[in-house]
**Student:** 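Take this structure first; my questions come after.
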Amino acid sequence: MNEWRPTACILCECNCGIQVLLGPDGRSFEKIRGDKLHPASAGYTCNKALQLDRYQNGHTGRLTAPLRRRKDGSFEEIDWDTAIAEISARMLELGQHFGGESIFYYGGGGQGNHLGGAYAPATMAAYGMKYRSSALAQEKTGDFWVGARMAGHPMRADVEHAEVAFFIGKNPYQSHGFPRARTVLKEIAKDSARSMIVLDPVRTETAELADFHLQLRPGTDVYLLSAMAAILVRDNLIDGDWLAVHATGLEAVLPVLNAVPIDKYCAIADVDLDLVTAATHRLARAHSVAALEDLGVQMNRYSTVVSYVEKLVWILTGNVGKPGTQYAFTGLSNLGHDRGHPAGEGPRSPVAGAQIVSGLVPCNVISEEILTDHPARYRAMFIESSNPAHSLADSARMREALEALELVVVIDVAMTETARLADYVLPAPTQFEKYEATFFNFDFPRNIFHLRHPVLPAPEGVLPEPEIHARLVEAAGVLGEADYAPLRAALAQGREAFAMAFLGVLGDPARSKLAPVLLYRTLGQTLPDGAASAALLWAAAYNMVRRFPASVERAGYGTGMEAGERLFEAILAGEHGVVISEDDYAETWNRVRDGVIRLDIPELLEVVAALPDAPGDSADWPFILSAGERRAFTANTIFRDPTWRKRDAAGTLRISTTDAGRLGLTAGDLVQVTTRRGTARVPVEPTDRMRPGHLSLPNGFGLSVEDPEGAPVTTGTAPNELTSFEARDEWVGTPWHKYVPARLDTVSS
């Protein structure tokens, strides 16, 4: 009789614990349920996780052998030795002629696929790669940059314990973003002592549960949030005593907020002034406010400025470092951290001169960095567990850029839209066929890490990403047995001796960049049950003890080197996930830079002080399209089999009932939506959830897969066929996917 096997959902950052029961064939997921033993999700799961058999076993174009492109554009299978040797030779040749920085790395993992990508820095070092990016640079870098400037440490929101939950451009009922999201939202909605405030142009499932839904015009978030911050100042609702102790720069912020024309900004946002005032007063009198922003503003006009003003609202009211407010978390990685260089300082991309935040080149400038005759242009891309041909803005231009490169290497599970454009495609196991983990570990006061064990074996012919990286590093000639032998000898004497030897590696700047592969080839080979990929977590555990000693000690692991070993062993053994740190809320102030928050970011405050009187809409484009809405049956594009969707199988274009009536449209009618970059025909779904003039297309559609008979099938519209690489934030380059000017034409039957 098969046993239930613990693992996790891989479709959003929460990575809820699930259990899987394999079918008689040993490969199908006969049943899936929430894992009650998972310390964060505790048995919770949404409907999407229950469809994960379609990821593992659906018709997705699964890869099981390395592929090489022929001159005619078709692919042929080759063996691993040939693939590694040829890829290495071509990357070394590019490095000799143009420098290793001409090879651009993109990806490193999806929502739950981070462990393999953590070995990529060794490959980058071996071939001299300098520049990289990932999907985070489509969404979060503005928030990262602002957070670094204000606090020096990223923060998250304790929604579960908040008196007021404040959601800005976020629908956690579908996007989650914190553990047990739907359960927590319903608990808040039912509690008369608690409230929910939602800023969103759409009446989402979350907005329907809210006490205050500020259904603003698309793209006017900066006006509405500035008005809220100004109401706090005008009505003497800021926590002056608290700010005197915990913040600096108030004297620069107050004159700007005092000058905000509150009535005018509410009118621009098209939200009733009394409603905005009531919501702001409710927020101000709460004992605790937890605020979360998301893609609705992070992929919109003024996105970085919005991230700044949103933070001013909850900082001015003292909502940091206490239960139900914002906290500074621990973690095994530095995900979300940035140095916070002022605008104009810090690293820049070589061609476009775009600001690099958290080490990531803005996604919207990647094609600019390629489609040029600039001598420093990217000439190759190494793409891991990502699909930029589909997921980045302006897909047509991104395809052109990929085709212009001299070399494209893709590591993936399936023959994606990007893999079809590659010179070499290297097949990896699925997330359920290998040891894997996520570094989206933001829980508080107990933080959780989950090393997922394989649920079923990988097919012959695929290699886990750490093995691919190790072979590439070795093919470059920078590591070999002579490098591994001293570490193996030290390991034979015990972990303490190994730790001392490894410290010597870290003391050498060149060799320290190769540390992931050194660990994989030495410590990794001694780990039980084939867990070699987890070797990197040994160093991460030690580093966490160094950075957060008190937090790790409170979680029961002790102190010093023993704490690092105990933490690592707990992670290895914890199939359901383990607590890695425990904090009290005041610990936040030990992580905030100098123990105070800086309210004044001069270059962003200048924008707030000089917002134009009109949002700049165009009569030629009467609609605003949100390209990529999360819905009940949409997910990230690793979910390639379209049959998982129980509703909205075609990916309808949502339109207001007012606009539908004016245009004579009914549900299912075809329309043609046109933007500056493309045109698509799509069925409409009239709904009173949408504002007039606002359209939305779902995410996750437009993927091309083969049906059971091998025929190609494309379902729905790929949103990025309609978006533009030029429509991006002026500070960090994040795209305006949620603000795409559009026209709509009816299609005669």
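Reckoned from all heavy atoms, side chains included, excluding hydrogens, waters and symmetry mates. The first residue in the sequence is number 1, and the count goes up from there.
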**Student:** Is the shortest side-chain N to carboxylate O distance from R566 to E562 below 4.0 Å?
**Tutor:**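 No salt bridge links R566 with E562.
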**Student:** In a check of side-chain contact (heavy atoms from CB on, under 4.5 Å) between Q326 and each of I597, N319, D158, which one passes?
**Tutor:**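 Result for side-chain contact (heavy atoms from CB on, under 4.5 Å) with Q326: N319.
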**Student:** Does the pair K434 and E467 meet the rule for a salt bridge (charged side-chain N to carboxylate O under 4.0 Å, His left out), with working shown?
**Tutor:** CA-CA 12 Å; K434 62 186 175 185; E467 179 65 26; over 6 Å; no
**Student:** Do side-chain atoms of D239 reach the backbone of W242 as a donor and acceptor pair under 3.5 angstrom?
**Tutor:**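 Looks like yes, one N/O pair under 3.5 Å.
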**Student:** Are the charged groups of E345 and R339 less than 4.0 angstrom apart, N to O?
**Tutor:**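 Salt bridge between E345 and R339, a charged N being under 4.0 Å from a carboxylate O: no.
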**Student:** So do the side chains of P179 and D443 get within less than 4.5 Å of each other, counting heavy atoms only?
**Tutor:**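 They are in contact (side-chain heavy atoms under 4.5 Å apart), so the answer is yes.
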**Student:** Taking it one step at a time, do D529 and Y435 satisfy side-chain hydrogen bond (donor to acceptor under 3.5 Å, both in side chains)?
**Tutor:** CA-CA 10 Å; D529 304 318; Y435 282 88; 4.6 Å; no
**Student:** Among L463, I411, V462, find the residue that satisfies the side-chain contact (heavy atoms from CB on, under 4.5 Å) test when tested with L426.
**Tutor:**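 Single side-chain contact (heavy atoms from CB on, under 4.5 Å) partner of L426 among L463, I411, V462: I411.
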**Student:** Quick test of your reading of the model: are E481 and R488 salt-bridged, counting only N-O distances below 4.0 Å?
**Tutor:**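 Looking at E481 and R488, the cut-off is met.
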**Student:** What do the steps show when you test H453 against T7 for side-chain contact (heavy atoms from CB on, under 4.5 Å), and what is the final call?
**Tutor:** CA-CA 7 Å; H453 295 208; T7 182; over 6 Å; no
**Student:** Around R593, counting heavy atoms of other residues, nucleotides and ligands shown, do more than 12 lie under 6.0 Å from its CZ?
**Tutor:**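 Above 12, so yes.
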**Student:** So R495 and M500, side-chain contact (heavy atoms from CB on, under 4.5 Å) or not? Walk me through it.
**Tutor:** CA-CA 9 Å; R495 290 268 183 87; M500 298 307 295; over 6 Å; no
**Student:** Closer than 4.0 angstrom, basic N to acidic O: yes or no for D294 and R630?
**Tutor:**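 Counted as a salt bridge, because a side-chain N and a carboxylate O are separated by less than 4.0 Å.
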**Student:** Calculate, to the nearest 0.5 Å, the distance between atoms CG and CG belonging to L243 and L599 respectively.
**Tutor:**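 It is 6.5 Å, given to the nearest 0.5 Å.
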**Student:** Looking only at heavy atoms, what is the nearest atom pair of A291 and W314, with distance?
**Tutor:**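 That closest heavy-atom pairing would be CB-CD1, 3.3 Å.
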**Student:** Determine the minimum heavy-atom distance between C9 and N15, stating which atoms define it.
**Tutor:**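 Smallest heavy-atom distance, with atoms named: O-ND2, 3.0 Å.
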**Student:** Without swapping roles, check the side chain of S133 against the backbone of L360 for a donor-acceptor pair under 3.5 Å.
**Tutor:**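 Pair absent, no side-chain N/O of S133 close to backbone of L360.
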**Student:** Under 6.0 Å from the six-membered ring centre of Y173 and within 45° of its axis: does the NZ or CZ of R182 meet both?
**Tutor:**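 So R182 does make the cation-pi contact.
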**Student:** Per the ring pair (Phe, Tyr, Trp, His ring centres under 6.0 Å) rule, what does the pair list look like for residues 109-132, sequence neighbours excluded?
**Tutor:**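 Counting only pairs at least two positions apart or across chains, the ring pair (Phe, Tyr, Trp, His ring centres under 6.0 Å) contacts touching residues 109-132 are H114-F440, Y119-Y520, Y131-Y378.
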**Student:** Which pair of non-hydrogen atoms, one from L283 and one from F166, has the smallest distance, and what is that distance?
**Tutor:**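 Shortest heavy-atom separation between L283 and F166 comes out as CD1-CD2, 3.8 Å.
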**Student:** Hey, would you say the H246 and W589 ring centroids sit under 6.0 Å apart?
**Tutor:**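 Between H246 and W589, the centre distance is under 6.0 Å.
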**Student:** Go through the structure and list residues passing ring pair (Phe, Tyr, Trp, His ring centres under 6.0 Å) with F178, not counting sequence neighbours.
**Tutor:**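 With sequence neighbours excluded, F178 shows a ring pair (Phe, Tyr, Trp, His ring centres under 6.0 Å) to no residue whatsoever.
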**Student:** Do R180 and E160 sit within salt-bridge range, that is, some charged N less than 4.0 Å from a carboxylate O?
**Tutor:**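 Yes.
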**Student:** For E496, does the CD atom sit with more than 12 other heavy atoms under 6.0 Å from it, leaving out its own atoms?
**Tutor:**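 No - once you tally the heavy atoms of other residues, nucleotides and ligands closer than 6.0 Å, there are 12 at most.
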**Student:** Dump the intermediate steps for side-chain hydrogen bond (donor to acceptor under 3.5 Å, both in side chains) on Y106 and E384, then the final yes or no.
**Tutor:** CA-CA 6 Å; Y106 186 86; E384 181 173 1; over 6 Å; no
**Student:** With a 6.0 Å cut-off on ring centres, are F329 and F444 close enough?
**Tutor:**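 No, too far apart.
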**Student:** Go through the steps to decide whether N47 and Q51 satisfy the test side-chain contact (heavy atoms from CB on, under 4.5 Å), and finish with yes or no.
**Tutor:** CA-CA 7 Å; N47 61 295; Q51 301 294 325; over 6 Å; no
**Student:** Looking only at non-hydrogen atoms, find the nearest pair between K170 and S175 and report the distance.
**Tutor:**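 Scanning both residues completely, I find the closest heavy atoms to be NZ-OG, 3.2 Å.
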**Student:** Would you say the side chains of T430 and Q56 form a donor-acceptor pair under 3.5 Å?
**Tutor:**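 Short answer, yes.
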**Student:** Give a yes or no on this: more than 12 heavy atoms of other residues, nucleotides or ligands lie within 6.0 Å of atom NZ of K322.
**Tutor:**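 It does: K322 NZ has more than 12 such atoms within range.
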**Student:** Is the backbone of G17 close enough, under 3.5 Å, to the side chain of S41 for a donor and an acceptor to pair up by distance?
**Tutor:**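 Yes.
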**Student:** Return yes if some donor-acceptor pair links the side-chain N/O of W145 with the main-chain N/O of H341 below 3.5 Å, else return no.
**Tutor:**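 A pair under 3.5 Å: yes.
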**Student:** Before we go on, tell me: are the rings of F639 and Y55 under 6.0 Å apart, centre to centre?
**Tutor:**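 No.
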**Student:** Identify every side-chain donor-acceptor pair in residues 572-583 under 3.5 Å, counting partners at least two apart or on other chains, and give the distances.
**Tutor:**
unit_1, atom_1, unit_2, atom_2, d
H576, ND1, D35, OD1, 3.4
H576, ND1, D35, OD2, 2.7
S581, OG, T330, OG1, 2.7
D583, OD1, S551, OG, 2.4
D583, OD1, R554, NH2, 2.9
D583, OD1, R591, NH2, 3.0
D583, OD2, R591, NH1, 3.1
D583, OD2, R591, NH2, 3.2

**Student:** Would you please name every residue forming a side chain to side chain contact (heavy atoms under 4.5 Å, CB included) with D483, sequence neighbours left out?
**Tutor:**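 If we apply the side chain to side chain contact (heavy atoms under 4.5 Å, CB included) test to D483, skipping adjacent residues, the hits are L479, R511, L518.
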**Student:** Please give me the minimum heavy-atom distance between A499 and M561, naming the atom from each residue.
**Tutor:**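 Closest heavy-atom pair between A499 and M561: CB-CE, 3.5 Å.
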**Student:** Could you tell me the separation between the OG atom of S533 and the CG atom of L115, rounded to the nearest 0.5 Å?
**Tutor:**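 Going from OG on S533 over to CG on L115, the span is 6.0 Å.
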**Student:** Could you work out, with ring pair (Phe, Tyr, Trp, His ring centres under 6.0 Å) as the rule, every residue matching Y308, not counting sequence neighbours?
**Tutor:**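 Expected list: none.
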**Student:** Measure the CD-CG distance between E465 and L472 for me, rounded to the nearest 0.5 Å.
**Tutor:**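 Here the rounded value is 12.0 Å.
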**Student:** State which residues pass side chain to side chain contact (heavy atoms under 4.5 Å, CB included) with C12; sequence neighbours excluded, sorted by chain then number.
**Tutor:**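 Partners of C12 under the side chain to side chain contact (heavy atoms under 4.5 Å, CB included) test: C14, H176.
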**Student:** When you compare the side chains of E565 and Y542, does any donor N or O come within less than 3.5 Å of an acceptor on the partner?
**Tutor:**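 Side chains of E565 and Y542: pair found under 3.5 Å.
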**Student:** Strictly distance-based, threshold 3.5 Å: is any side-chain N or O of T588 a donor or acceptor partner for the main-chain N or O of G321?
**Tutor:**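 Pair absent, no side-chain N/O of T588 close to backbone of G321.
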**Student:** Please evaluate residues Y484 and Q525 with respect to the criterion side-chain hydrogen bond (donor to acceptor under 3.5 Å, both in side chains), reporting the C-alpha separation (whole Å), side-chain torsions for both, the decisive distance (0.1 Å), and the verdict.
**Tutor:** CA-CA 11 Å; Y484 306 143; Q525 310 311 307; over 6 Å; no
**Student:** Quiz question: by atom type and distance under 3.5 Å, do the side chains of E587 and N590 form a donor-acceptor pair?
**Tutor:**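 Distance-only check passes for E587 and N590.
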**Student:** Salt-bridge test for E436 and R452: reply yes if a basic N is under 4.0 Å from a carboxylate O, no otherwise.
**Tutor:**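 Salt bridge absent between E436 and R452.
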**Student:** Hey, is K140 close enough to E13 for a salt bridge, meaning N to O under 4.0 Å?
**Tutor:**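 Salt bridge between K140 and E13, a charged N being under 4.0 Å from a carboxylate O: no.
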**Student:** Set out, in order, the CA-CA distance, both residues' side-chain angles and the distance that settles side-chain contact (heavy atoms from CB on, under 4.5 Å) for V20 and W4, then state yes or no.
**Tutor:** CA-CA 5 Å; V20 171; W4 288 93; 5.6 Å; no
**Student:** Using only atom types and a distance under 3.5 Å, with no angle test, would you say the side chain of D143 pairs donor to acceptor with the backbone of S307?
**Tutor:**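 Between the backbone of S307 and the side chain of D143 there is no qualifying donor-acceptor contact (under 3.5 Å).
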**Student:** About how many Å separate CG of N334 and CZ of F439, when rounded to the nearest 0.5 Å?
**Tutor:**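 F439 CZ to N334 CG: 10.5 Å, rounded to 0.5 Å.
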**Student:** Please name the pair of heavy atoms, one in H469 and one in T123, separated by the smallest distance, quoted to 0.1 Å.
**Tutor:**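 Shortest heavy-atom contact: ND1-OG1, 2.7 Å.
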